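First up is the structure itself, then whatever we jot down about it.
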Number of protein chains: 2
Amino acid sequence: MEGSGSNRAAQRGGGRGRSRRGSEAGAISTSGAIEVGRLGEFIGYRLRRAQVWVFENFIRTLTPLDLRPAQFSTLLVIDGNPGRTQAEIAAAIGIQPPNFGALLDGLEKRGLARRSRSQSDRRSHALHLTPKGKALLDEAIKLVSAQDEQIGARLGPGGRETLLQLLEKVPGLADEMI
Amino acid sequence: MEGSGSNRAAQRGGGRGRSRRGSEAGAISTSGAIEVGRLGEFIGYRLRRAQVWVFENFIRTLTPLDLRPAQFSTLLVIDGNPGRTQAEIAAAIGIQPPNFGALLDGLEKRGLARRSRSQSDRRSHALHLTPKGKALLDEAIKLVSAQDEQIGARLGPGGRETLLQLLEKVPGLADEMI
DNA sequence: AATAATTGTTATGATTTATATCAATTATAA
DNA sequence: TTATAATTGATATAAATCATAACAATTATT
């Protein structure tokens, strides 16, 4: 998530009072809490607020391992699909090939993943995790799982399953994670 | 939502078959669908996928009116809080003051909103919508509401309410709607 | 053999988000 | 009052994310 939302923005205004609605010419909303109004009634708004919060949480969770979300996804998908090519892995997680190349450079320099030229098609690079990469991924999965459970606990009994079921009904291509 | 996800990524690979799991040295996932594996079990992953899709939909919905999501939010929040200052509105929707200035420049040039120096504090700019801005906002609300209802319809009976209730349990500062 | 398509790279652009600095103004302290 | 600090909004600029175009190497197709 980067690039969305924030945790700063320490409400500059402040103060009590009640604000008025409407947009009649010259109307004034005196000091008090800002009314986001109908915004809060849209699924998109609530969805975004929740997602931004979770993603920021996710970033903080992975920071100790020096992993960005896209790097985590890459390690996880390579681990589950060893030997697949760059283009395949990149498409699965929704990253453009040019950007994916740079991402892989970083993982390779850290000794977490490696590219090997396929002998059947010498244009493509087969991807694998190194033992070090697998170990780091396992560590990351522990942290992310713990965070995920904490969020699930907030949702009450059955809340997590209900949420996942509802989210599945909202379309979302399988290839647009990060 | 800008800046996340995509609708491109036309699966380059393709083909049938079944892939293997695991990361044993030298293991190979032969042609077939990529396994995102555990990724799909995380709330954050599903939440992000759904949110990215909804946000892209949102952007397309507002394109005919030449409005970006942040512009829509700004118009809506100004309308609900006429006369509030830039800093207050910016904080409410989670935009940095420097970036919010440029956004307002655009709205002012199009005659949708206006800044007026407050006489009580001549540093600050009170914000209002113009009649034209209010009219455009009403038009935008119609489009966005229709889109929101379509999404709600996918969730089945009571699904929309259940989803909103669950999302409220996930923290998300009130001031981070792009 | 000639042409077209694919893979991964390089270079580069657009967008979004964030930080640092500043002038104008207001608030606070001595 | 005067001196100092804080606030508002603007400007310039950086950083991160996401995307497109063009290219060499390789493979597929005609």
Side-chain angles (χ1 to χ4, degrees), chain A residues 1-15 31 48 52 55-56 59 63 68-71 73-74 84-91 93-106 108 113-127 175-178, chain B residues 1-15 31 48 52 55-56 59 63 68-71 73-74 84-91 93-106 108 113-127 175-178:
Chain A
M1 246 109 269
E2 257 65 356
S4 34
S6 51
N7 29 354
R8 32 146 185 67
Q11 212 86 324
R12 294 205 208 179
S31 65
R48 179 167 174 82
V52 164
F55 203 76
E56 287 176 348
I59 291 173
T63 294
R68 299 286 313 165
Q71 293 175 314
S73 298
T74 299
R84 300 300 285 257
T85 68
Q86 280 190 215
E88 289 173 324
I89 301 289
I93 56 186
I95 300 179
Q96 298 297 325
N99 302 325
F100 194 58
L103 192 156
L104 276 180
D105 285 346
E108 263 195 325
R114 58 190 167 77
R115 295 181 244 217
S116 56
R117 289 212 107 83
S118 162
Q119 49 193 32
S120 60
D121 184 340
R122 286 163 47 217
R123 289 169 302 185
S124 59
H125 294 167
L127 303 182
D175 46 304
E176 57 197 5
M177 171 66 180
I178 234 280
Chain B
M1 214 97 291
E2 262 63 0
S4 31
S6 51
N7 31 355
R8 33 153 184 59
Q11 213 86 325
R12 294 207 212 179
S31 66
R48 178 169 175 83
V52 164
F55 202 77
E56 287 176 347
I59 291 173
T63 294
R68 298 288 310 167
Q71 293 175 315
S73 299
T74 298
R84 301 298 286 255
T85 69
Q86 279 191 214
E88 289 173 322
I89 301 289
I93 56 186
I95 299 180
Q96 298 297 328
N99 302 326
F100 193 58
L103 191 157
L104 276 180
D105 287 345
E108 264 194 324
R114 58 189 165 80
R115 296 181 244 216
S116 56
R117 287 213 110 82
S118 162
Q119 48 194 30
S120 60
D121 183 341
R122 287 166 43 221
R123 288 170 301 185
S124 58
H125 295 166
L127 303 182
D175 47 305
E176 57 196 4
M177 170 67 181
I178 232 270

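The chains referred to below are lettered A, B, ... by the order of the sequence lines, with proteins before strands, and numbering in each begins at 1. Remember, predicted model here, so these are calculated numbers, not experimental data.
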**Message:** B:E108 vs B:L127, test: side-chain contact (heavy atoms from CB on, under 4.5 Å). Steps then yes/no.
**Reply:** CA-CA 10 Å; B:E108 264 194 324; B:L127 303 182; over 6 Å; no

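In this structure, A:E88 places its CD atom 13 Å from C1' of C:dG8, rounding to the nearest Å. Atoms CG (B:L103) and P (C:dA18) sit 14 Å apart, rounded to a whole Å. Between the P atom of D:dA10 and the CD1 atom of B:I95 lies a distance of 14 Å, rounded to the nearest Å. Rounded to whole Å, the distance from CG on B:D105 to P on D:dA10 is 7 Å. Rounded to an integer number of Å, the gap from CG of B:D121 to P of C:dT28 is 12 Å. C:dA11 atom P lies 19 Å from atom CD of A:Q96, rounded to whole Å. Rounded to a whole Å, the CD1 atom of B:I59 is 12 Å from the C1' atom of D:dC18. In this structure, CG of B:L127 is placed 13 Å from P of D:dT8, rounded to the nearest angstrom.
A:N99 comes within 4.0 angstrom of a base, heavy atoms only.
The side-chain contact (heavy atoms from CB on, under 4.5 Å) test applied to B:S118 returns B:S120, B:D121, B:S124, not counting sequence neighbours.
Of all heavy-atom pairs spanning A:I95 and A:N99, the tightest one is CG2-CB, 3.9 Å. The nearest pair of heavy atoms linking A:I93 to A:F100 is CD1-CE1, 4.0 Å. Listed here is the closest heavy atom pair of B:Q86 and B:H125: OE1-ND1, 3.0 Å. Annotation for A:L103 and A:T74: closest pair CD2-OG1, 3.7 Å, computed over non-hydrogen atoms.
Closest contact between the side chain of A:S124 and the listed nucleotides C:dT9, D:dG9, C:dG8 involves C:dG8.
Under 4.0 angstrom from either OP1 or OP2 of C:dT9 there lies at least one side-chain N or O belonging to A:R115. Distances shorter than 4.0 Å separate none of the side-chain N or O atoms of B:R84 from OP1 or OP2 on D:dT8.
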Filtered N/O pairs between nucleotides 20-24 of chain C and protein, under 3.5 Å:
none

